[in-house]
Amino acid sequence: MKTFGEFDYVIVGGGTAGCVLANRLSADPDVSVLLLEAGGKDDWIWIHIPIGYLKCINNPRTDWCYKTEAEPGLNGRSIIYARGKVLGGCSSINGMLYLRGQARDYDEWAQITGDSRWNWDSVLPVFKRSEDYWGGADAMHGDKGEWRVEKQRLHWDILDRYTEAAKQAGIPFSGDYNRGDNFGIGHFEVNQKKGVRWNAAKAFLRPVQNRPNLKIVTGALIDKLVLEGKEARGVEFKLDGVPYQVTARIETLLTAGAIGSPIILQRSGIGPGALLQDRGVPLVHELAGVGGNLQDHLQLRMIFKVQGITTLNQRANSLWGKAMMGLEYALFRSGPLSMAPSQLGGFFHSSPEVATPDLEFHVQPLSLDKFGDPLHPFAAFTASVCNLRPTSRGSVHIRDRNPATAPRIAPNYLSTDNDRAVAARALRLTRHVVEQPAMAPYQPTEHLPGAQVKSDAELAKAAGDIGTTIFHPTCTCAMGRADDPAAVVDSELRVRGIGRLRVIDASVMPTITSGNTNAPTIMIAERGAELVRAARRSGALG
């Protein structure tokens, strides 16, 4: 095995969190930083044209192309489980939606961890630090950061009608989902710059890539951590098939995401002992929570046919329509090619007993059978709804010691009575909105799952038929108190029982946020960078 040298910090994963950390840590010229990314550079055109997510997801050039196990809650189906395999990680292939979640999410994190630095009042300034908000700075937004947030650059009449229907159903309009309480209906804001995707590599990595103390390596497939007793000293990886070992003088930082980080720990002998023994991995440190507690948002895609109003289905199925969409984007960086997967969103309560919204809607002026299929030949829109706070818990486990082997991903969707009940109520609420007078002129007809599905039991089964991930895996290396046997890291993101090792990505969330998860991941990375730098200054490396 060849040596790759020594660096003060080795960052494992060039996704959203890794890009932020590389920027913040290398800002100190006295330290050296190595960023290792298993995927390639973010230099493919379809990464940057917003509609290109259709070409990036489930494409081995940009996606790990994982699939779940056959899910009982999805009536035996296995579904794709996209994870970015490129600089910028999932921010290079995701839906570009900027959503922080709710204040209650972070107040709950503070309670779980016993650390007030994770409550809403404490993390809000961290969100603002990164943000470059289109509307300028105020009490809730920042405009001096790298993470650009803009309005979308297109308009659909069908979405306006759905907005009016939602208001008629008692849901107020919201002009900003990022002020701590996201109740309402409104348009999503996106991480774009003038109609082009703004990923973490552009925002945080590219401006600093020539710093002499920062080295960026792509195509580096991580095997495992280098451990000396109960301390991390670097990692082993392969580059162009050649095995290397690199030393981290101060700390090794795992930023490989909710799938990548736990499986690296498991291959290194850190995790549930019985699992590792079964997989032939020598146990170094028993840590039962590694790879457990997987939480994700399951979206239920309801489709409604309409008449007398234009949707993307008509435009995309016409040669003239395609030509005009291409021309509009080429000239103005606007129109359907600039669109995020969802333009209109909403946050609602599934029942009066729920204190804050527990449902998120993604409304799209299009329809298709499943991801990757062509749009339907008829006019239609999709109203997807997901349970923001599922009680089902899944897992991510290695199958063997080979880093090239895809892990076993079992989200365990709809495995609790509560989640099945919320799914049934969510589908009924979606129907209730569509039944409002604002939609009546367009004669909406339920295409999926179909008006014949009526009882709670039928609706719960239908949820399993139409449900699919909205790509928000989290919580597989969760933060927690010292007396929590399921906690993988402490509130400073240090791996329990292993020195000089932290996990800094979406896997450390103790509970999933009430919305999309990319913006919270940037906040976690910002807070993680603060903790790492403070530890270096104080000499407290764990």
Side-chain angles (χ1 to χ4, degrees), residues 4-49 52 56 61-62 83-94 96 129-132 144-149 191-194 196-222 234-235 237-240 244 246-257 260 504-505 518-519 521-526 528-530 532-533 536:
F4 205 78
E6 297 185 356
F7 297 80
D8 292 317
Y9 297 105
V10 175
I11 301 172
V12 181
T16 297
C19 289
V20 174
L21 276 172
N23 179 302
R24 300 304 189 233
L25 297 183
S26 66
D28 184 345
D30 294 334
V31 302
S32 57
V33 178
L34 172 65
L35 176 65
L36 296 173
E37 165 56 35
K41 296 180 179 178
D42 63 323
D43 54 2
W44 192 34
I45 188 172
W46 287 112
I47 292 173
H48 307 290
I49 298 174
C56 292
R61 177 171 182 166
T62 48
R83 296 286 86 198
K85 192 176 79 171
V86 63
L87 283 176
C90 291
S91 74
S92 295
I93 68 171
N94 70 1
M96 298 163 281
R129 180 189 311 150
S130 298
E131 192 180 18
D132 178 16
K144 298 294 189 295
E146 298 91 343
W147 198 227
R148 182 64 179 168
V149 181
N191 296 121
Q192 293 182 10
K193 199 163 193 175
K194 299 180 180 178
V196 177
R197 177 190 290 273
W198 194 244
N199 68 352
K202 285 181 188 174
F204 297 98
L205 202 56
R206 202 164 295 172
V208 303
Q209 63 186 356
N210 294 322
R211 285 176 177 168
N213 62 332
L214 172 63
K215 185 175 182 62
I216 302 166
V217 178
T218 56
L221 181 62
I222 305 301
V235 296
F237 65 97
K238 286 186 177 180
L239 186 62
D240 297 326
Y244 288 92
V246 62
T247 298
R249 286 186 291 258
I250 300 179
E251 286 189 283
T252 301
L253 309 172
L254 285 185
T255 58
I504 306 176
D505 55 34
N518 192 246
T521 300
I522 287 181
M523 181 278 292
I524 289 169
E526 286 275 23
E530 288 177 355
V532 169
R533 297 178 79 180
R536 176 175 173 263

First locate atom CG of L221, then atom NZ of K85, and finally report the distance between them rounded to the nearest 0.5 Å.
9.0 Å

Shortest non-hydrogen separation from G84 to C90 and the atoms involved
N-SG, 3.3 Å

Closest heavy-atom contact between G88 and C19?
N-SG, 3.9 Å

Flag side-chain contact, heavy atom, 4.5 Å: Y9 against R536:
yes

Exactly one of N213, V246, V33, T247 should register a side chain to side chain contact (heavy atoms under 4.5 Å, CB included) with F7. Which one does?
V246

Is any side-chain heavy atom of S92 closer than 4.5 Å to one of W44?
no

Do N199 and V86 come within less than 4.5 Å of each other through their side chains, counting heavy atoms only?
no

Please give me the minimum heavy-atom distance between A22 and L35, naming the atom from each residue.
CB-CD2, 4.2 Å

With no hydrogens and no angle check, is any side-chain donor or acceptor of T218 less than 3.5 Å from a backbone partner on E37?
no

Atom CZ of R148 and atom CE of M96: how far apart are they, to the nearest 0.5 Å?
15.5 Å

CG-CD1 distance between L21 and I504, expressed to the nearest 0.5 angstrom
4.5 Å

So which atom in D505 and which in A256 form the shortest heavy-atom distance, rounded to 0.1 Å?
OD2-N, 3.2 Å

Between I522 and E131, is there a side-chain heavy-atom distance shorter than 4.5 Å?
no

Supply the atom-to-atom distance D43 CG to I45 CD1, rounded to the nearest 0.5 angstrom.
11.5 Å

Would K202 and H48 satisfy side-chain contact (heavy atoms from CB on, under 4.5 Å), going step by step from the backbone distance to the final call?
CA-CA 10 Å; K202 285 181 188 174; H48 307 290; 3.0 Å; yes

Could you go through the side-chain contact (heavy atoms from CB on, under 4.5 Å) check for N94 and T16 one step at a time?
CA-CA 11 Å; N94 70 1; T16 297; over 6 Å; no

Closest heavy-atom pair and its distance - A201, P207:
O-CD, 4.4 Å

Would the number of heavy atoms belonging to other residues, nucleotides or ligands and lying under 6.0 Å from CG of D30 be above 12?
yes

Heavy-atom distance under 4.5 Å between the side chains of L36 and I11, does that happen here?
no

Which atoms form the tightest heavy-atom contact between E146 and W198, and what is the distance?
O-NE1, 2.8 Å

Parallel, tilted or perpendicular: which describes the rings of Y244 and F4, with under 30° parallel and over 60° perpendicular?
perpendicular

Passes side-chain contact (heavy atoms from CB on, under 4.5 Å), V149 versus N191? Steps please.
CA-CA 5 Å; V149 181; N191 296 121; 3.8 Å; yes

Got L205 and D42 here, is their nearest side-chain heavy-atom distance under 4.5 Å?
no

Output yes when a side-chain donor or acceptor of R211 lies under 3.5 Å from a complementary backbone atom of D28, and no otherwise.
no

Heavy atoms, side chains only, cut-off 4.5 Å: are W147 and S91 in contact?
yes

When rounded to the nearest 0.5 angstrom, what is the spacing between CZ in R24 and CZ in R129?
7.5 Å

Donor-acceptor pair, distance only, cut-off 3.5 Å: does the side chain of D8 make one with the backbone of R249?
no

